[in-house]
Amino acid sequence: MNYHFNDIEAKWQKYWAENQTFKASNTSDKPKYYVLDMFPYPSGAGLHVGHPLGYIASDIYARYKRHKGFNVLHPQGYDSFGLPAEQYAIQTGQHPAITTDTNIKTYRRQLDQIGFSFDWSREVRTSSPEYYKWTQWIFIQLFESWYNKDNNQAESVDTLILKFSSEGNAHINADCDADITIFSSEEWSALSSEQQQDILLKYRLTYLAETEVNWCPALGTVLANDEIVNGVSERGGHSVMRKKMTQWSMRISAYAERLLQGLETIDWTDSLKESQRNWIGKSVGASVVFNVNNHDEVIEVFTTRPDTIFGVSFMTLAPEHDLVSKITTADQNAHVEAYIQATAKRSERDRMADVKTISGAFTGAYAEHPFTKEPLPIWIGDYVLAGYGTGAVMSVPCGDQRDYDFANHFNIAIPNIFEGIDISEEAYGSKDNVKIANSDFLNGLNYKKASKTAIYELEKLGQGEGKTNYRLRDAVFSRQRYWGEPFPVYYVKGKPQMIDKVHLPIRLPDVEKYLPTETGEPPLGRADVWAWCTKNNKVVSNDLCHSEQSEESHNGVYPLELNTMPGWAGSSWYFFRYMEDAMRDETFASEDALNYWENVDLYIGGSEHATGHLLYSRFWVKFMKDRGFVNVEEPFKKLINQGMILGTSAFVYEAIHGEKSLHVYLSSDLIEGPNFIDSTHPKWGEIVNVCKIEGSKLNLRLIHTDVSFVITSDELDMEAFKNWRPEYKTAKFITHEDKTFKVKREVEKMSKSKYNVVKPDQIVKDYGADSLRLYEMFLGPLEQAKPWNTAGITGVHSFLKKLWKLYVDDNGLKVNDAEPTKDALKTLHKTIKKVEEDIENFSFNTSVSTFMIASNELTALKCTSKAILEPFLILLSPYAPHIAEELWSRLGNEQSISIASFPKFEEKYLVESSKNYPISFNGKMRFTLELPMDMSKDDIEKTVMAHEKTIAQLDGRPPKKVIIVPGKIVNIVG
RNA sequence: GCUGAAGUGGUGGAAUUGGUAGACACGUUGGACUUAAAAUCCAAUGUCCCCUGGGACGUACGGGUUCAAGUCCCGUCUUCAGUACCA
């Protein structure tokens, strides 16, 4: 009986589905374990072989944990809001919900055929109203909260209002907007409701504010910082400009320090933690206030080098700084104005591409040095970023290269305040080995002491204080898109109002087109039924709504928010949703479920989410913890990034004349080095003949061909290539001697445009899911990037066939109750040990080799003993579950192998009586010698020294030293 | 520039605390079976040198520590990923 993998796999996939084998229970005596894959976005292109890599790894771990007696939660779902479905909707008019649904079906089919042990009963989709009801609910909670820095956590705004009405806001230590004015309790009470709402908005964890956003005109939406790569949009590569817009923002900056500290408590890779640390960008220094001569205004700056305060020779403001227009003198006005115009025109990308050019303008105004009272010229320059710190710097040219270059360019003085350091060529930016000089009371001090002293003196003057700054900005939370969560928000007299949670979800309205409106409003501006009736608590027709956002209404009908939430909203809390399986309508996740499952024990996914999803999720979890909705501080305890699977592209050499193709193709083994051949080529006669060219040189170019036309060993299926496209119909091939045509191979990113995409579907059909699973793991370490080459799959496939033969032959089952041999027991137990260690270390590639070795050994031993072959199946079952189930049931087991307990490793079977010692001379192994394990050091030495090969090696020389490590090695020095 | 990861045969990759480098596969070559192909099985396969047997070299490069280094230390180079005027 042969190994009919397609039948076996279909049979067990059906069995698992029908028996709900992998359904997790929220009540169990077993310890819990939660294994999660990063949320997939169901794209129209479906899965390629790179996608399931992480899913296979997590599935192996989940199955292993079940064997180890854990109650495992291993769910899957879809991050189903997103741009591609909406772009498709814009082009075709197809509702994104329909596209998304189709794509999900494809995904599900593709996932199912690989045999994952997902608990599909807990599936979530971010775009389904029963899910986004709770995303809206969390948004409301954020709106209803403020961050109290006194006890370092978020609280309900009720506590804030209470304080306002009893004591005003003077003593409130909140993370809030910068432009807060101080008021007393009486003043608070005297304010109108609208005024109070305005003030509260400055404290809320999600707030509406006019912010400078990254506007992407091509996509018609704003983008978060992490959605921009190299100055262009991550999706589509469109240009991005700065624009002021009123947007919802998330006060993630309030959590900067906790997000930083929390990294110490979680088991993530160093590179990922480092990315988050950089993104949070904590820097410790001082805030310094400079008075502006002849003005009431002051310039506040942040510096990490308060010790260099006496090295300041000018001030630089960002061109966008508010003060610029106020302080610029009349004679400099035209100059400054022209400079601001010029910098505003430059896109973010130009600015980044061109960091070498120094530009700036003098405002004509002077600031006053807090200690020396010297006048400091105030410049503007685009090397100062409006978005970081206060948008202004105190320029210390001797200590900062950018300031140095700027000073040099504009002939500004560069005072040296470092003792014994030459700054004639460049600034001295290091904090180490400095002694401050020419700095009054700081002279002779090092960085640390000088900084401390400077801050102390500044505080005495009331012109500064120690300060910690974070690069992390508040996250913009509005998107001008259709396919996202609608906000549960309507506007009364321009003030945002939350819809009561009992009326959630607020469903996405229908629109007839998915584009922004003619007046530039987001797509929801096209909806006809998109107003909120506060009397009936219903979304009603816009016809009933007579007010603009800024007006009072007479019938209680108000306009709803037109923006939608960003992609990261739904993915910032989905891991809690999986915990709840029964009361999903009543709660986002019940207390019992949250208490039982806590957080994700193992999270596997790509590293591209380092500063987006993985940071936002941590933020929301900390917030939800503060407000008592969940009881964990971090969402993901351990996180592993799987490496990318690269494609192995195939190229053919095409003969060309100028840019024109001659439709003649040359086998790659005929080409060496450069992209041309000449009359010295052995096949030149044939080539000239076929190409019908004159001259003594033929130019070639490499063109991609589809990898599916390449049969084993880089051989091109020439007929398939000819039929690929009309222009190849007449292709002529110059082949190798044996009439085969070889392609050139190169490893590149797997992508449609490179024709190197391999889909799991065909692999599963040809070799089976078990082969695919094993091969994906066999390719190499999980975290590493590695190229895919379908040819190699025959290795693991023939392993499975050999394994099958170990259990089954033409007469049926071979396995019997024979007493296991010592050698077979040894093979089994060393395999148990190795596989267990490998899985615990996420070293799945080496396990596959171990299975192959074990199978080869057991075949050589002609092992038929059930006592060996049955536990061996359990070891294999996380990796190749279908074949394991099939053989397991043929052995007479009635229950699924997935709940069988993992075999116990016993050291005693591995104990050896002898050791094959390597005998080295000066560290080089010359021969091996089988010696008893219990032989003493002296006896080993005697035996080895007496050996004829030793005598031959030494050739009469007396050994200087003999090193013997019992059980390991013998090394003779001589 | 900075941060992180890595560099081992023709290829993917093994090698536990320093202790037989190249496990396991792919590919290649030769052989068996077959009318043939596929499938399967067997053998060889780091490079170089001479006939067996062995010898020399060999884990990016240059040094060092050690009886012994892919592994530890110092320096250099290269590749990949992330990040970038952050004051």
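So you know, we letter chains A, B, ... as the sequences are listed, proteins then strands, and number each from 1. Computed from heavy atoms alone, side chains included, the values below leave out hydrogens, waters and symmetry copies. Remember, it's a predicted structure, so these values are computed and weren't measured experimentally.
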Inter-nucleotide [atom1] distance ([N], [M]), Å rounded:
N	M	atom1	result
U8(B)	U71(B)	P	14 Å
U65(B)	G75(B)	C1'	15 Å
C61(B)	G7(B)	C1'	11 Å
A38(B)	C26(B)	P	16 Å
C67(B)	G18(B)	C1'	12 Å
G46(B)	G10(B)	C1'	10 Å

> Strictly by modelled atom types, are Asn789(A) and Thr648(A) linked by a side-chain donor-acceptor pair under 3.5 Å?
Replying inline: no
> Just by distance, with hydrogens left out, do Ser607(A) and Asn641(A) show a side-chain donor and acceptor under 3.5 Å apart?
Replying inline: no
Within less than 4.0 Å of OP1 or OP2 of [N], is there a side-chain N or O belonging to [X]?
X	N	answer
Asn916(A)	U20(B)	no
Asn856(A)	A25(B)	yes
Lys786(A)	G13(B)	no
Thr846(A)	G13(B)	no
Gln784(A)	G13(B)	yes
Arg305(A)	C86(B)	no

> Start at the 5' end of RNA chain B and walk down; is the nucleotide closest to Pro918(A) or to Gly795(A) reached first?
Replying inline: Pro918(A)
> Starting at the 5' end of RNA chain B, which residue's closest nucleotide do you reach first, Arg402(A) or Asn278(A)?
Replying inline: Asn278(A)
> Out of Lys467(A), Gln463(A), Glu300(A), which one pairs with Ser287(A) under the side chain to side chain donor-acceptor pair (under 3.5 Å) rule?
Replying inline: Glu300(A)
>> Strictly by Watson-Crick or wobble contacts shorter than 3.5 Å, is anything paired with G62(B), and which nucleotide is it?
In response: C74(B)
>> Let's test this: given Watson-Crick or G-U wobble pairing with both distances under 3.5 Å, identify the partner of C26(B).
In response: G10(B)
>> I need the single residue from Phe778(A), Phe851(A), Tyr775(A) that forms a ring pair (Phe, Tyr, Trp, His ring centres under 6.0 Å) with Tyr879(A). Which is it?
In response: Phe851(A)
Under 4.0 angstrom, heavy atoms only, what part of the nucleic acid is [X] near: base, sugar-phosphate, or nothing?
X	result
Lys960(A)	nothing
Lys961(A)	sugar-phosphate
Lys833(A)	nothing
Val965(A)	base

> Any side-chain heavy atom of Gln642(A) within less than 4.5 Å of one from Glu783(A)?
Replying inline: no
